[in-house]
Amino acid sequence: MNDFRRIGRGFFERYTPLVARELLGLRLVRRVDGQRVSGMIVETEAYRGSSDPASHAYKGRTARNSVMFGPPGHAYVYFTMGMHFCLNVTTEPTGIPAAVLIRAIEPLEGVDSMKRLRGLDKVERLASGPGNLTRAMGIDKSLDGEDLVNSDRLSVEDGKGVGKVGVSTRVGIGEGQSLKWRFFAEGNPFVSKGRPSKAQNP
DNA sequence: TAATGGATGTTCT
DNA sequence: GAACATCCATTAT
């Protein structure tokens with residue numbers, strides 16, 4: 001069968017930045033019409049509602065972010081900037097609003113499907129960036145709240161791992177920039193470039 | 001090659 | 001009515 005080992009609930013039920021780091025190198029699998037579309041996770045960001053001003057849940061529970069307050073291992077999909085969806089995985093025990101944003105994957109299976117959905121040929125850009133990733137995998141609001149531990153549409157499986165892990169501040173947020181909660185596979189060409197506004201680290 | 005700004009819709013105050 | 005965890009085409013150098 002196609003089975004890599006699926007990741008269980010316990011993995012997600014831990015401290016969010018830790019989960020974010022360990023998600024690197026695992027495999028994100030989407031099944032559409034019986035076809036597998038998957039890729040290795042190479043870039044993530046942690047968001048933790050209670051103490052993180054950049055989190056959707058910082059100001060409390062709303063209809064949109066309620067999934068973040070639920071049990072771990074569920075997909076939190078939201079629409080942003082008028083055109084894009086973003087995929088998160090909820091973490092930590094029920095009642096603690098937290099999630100990991102999946103920012104980029106390295107395409108492995110179903111690459112042709114991704115190319116079609118994206119209208120792009122460059123594999124390196126198919127799923128680099130949260131909006132690109134959801135478009136390439138056909139992820140939309142119908143997957144909001146999906147349980148990745150049991151779902152037949154979306155899951156996380158064991159992967160080959162990554163080499164060195166890089167850490168930085170998160171991309172595209174206003175507040176909470178002091179937290180270095182972005183994790184990525186260093187040197188991997190599928191990591192999104194983020195938005196280098198000025199200088200990198202000297 | 002690097003930087004800028006417009007498109008776009010949902011959510012919350 | 002304002003804000004927003006973005007992307008990419010266009011511009012200037």
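Lettering of chains follows the sequences in order, A, B, ..., and the numbering in each one begins at 1.
When each of A:Ala57 and A:Leu120 is assigned the nucleotide of DNA chain C with its nearest heavy atom, A:Ala57 is the one assigned upstream, toward the 5' end.
Counting non-hydrogen atoms of neighbouring residues, nucleotides and ligands closer than 6.0 angstrom, the CD atom of A:Gln177 exceeds 12 such neighbours. For CZ of A:Arg125, the number of neighbouring non-hydrogen atoms (other residues, nucleotides, ligands) closer than 6.0 Å is 12 at most.
Rounded to whole angstrom, the span from the CG atom of A:Asn132 across to the P atom of C:dC7 amounts to 5 Å. Atom-to-atom, CG of A:Leu133 to C1' of C:dC7 comes out at 14 Å; the value is rounded to the nearest Å. C:dT6 atom C1' lies 11 Å from atom CG of A:Leu101, rounded to whole Å. Rounded to a whole Å, the OH atom of A:Tyr47 is 4 Å from the C1' atom of C:dA5. Rounded to whole Å, atom C1' of C:dT6 lies 13 Å from atom CD of A:Glu43. The nearest whole Å value for the distance from the CD atom in A:Glu175 to the C1' atom in C:dC4 is 13 Å.
Using a 4.0 Å heavy-atom distance criterion, A:Asn88 is classed as a base contact. Across all strands, A:Arg118 comes closer than 4.0 Å only to sugar-phosphate atoms, never to a base (heavy-atom distances).
With sequence neighbours excluded, no residue forms a ring pair (Phe, Tyr, Trp, His ring centres under 6.0 Å) with A:Tyr58. Judged as a side-chain contact (heavy atoms from CB on, under 4.5 Å), and not counting sequence neighbours, the contacts of A:Pro130 are A:Cys86, A:Leu101, A:Arg103. Taking A:Thr16 as the reference, A:Ala46, A:Arg48, A:Thr91, A:Glu92, A:Ala98, A:Val100 meet the side-chain contact (heavy atoms from CB on, under 4.5 Å) condition, with sequence neighbours excluded.
Both tests pass for A:Arg14 against the ring of A:Phe11: distance under 6.0 Å to the centre and angle within 45° of the axis. Taking the ring centre of A:Tyr78 as origin, the terminal cationic atom of A:Arg64 falls inside the region bounded by 6.0 Å and 45° from the ring axis.
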Review point. Which letter, B, S or -, goes with each nucleotide of nucleotides 7-13 of chain B from 5' to 3', with contact meaning a protein heavy atom under 4.0 Å?
Key: BBBSSS-
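A salt bridge is absent between A:Lys59 and A:Glu175: the closest approach of a Lys/Arg side-chain nitrogen to an acidic carboxylate oxygen does not fall below 4.0 angstrom.
Each ring-ring contact (aromatic ring centres under 6.0 Å, His included) pair with one or both residues in residues 117-150 of chain A, not counting sequence neighbours, would appear here, but there are none.
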Point to revise | Secondary structure string for DNA chain B (Watson-Crick or G-U under 3.5 angstrom, | for other-strand pairs) | key: |||||||.||||.
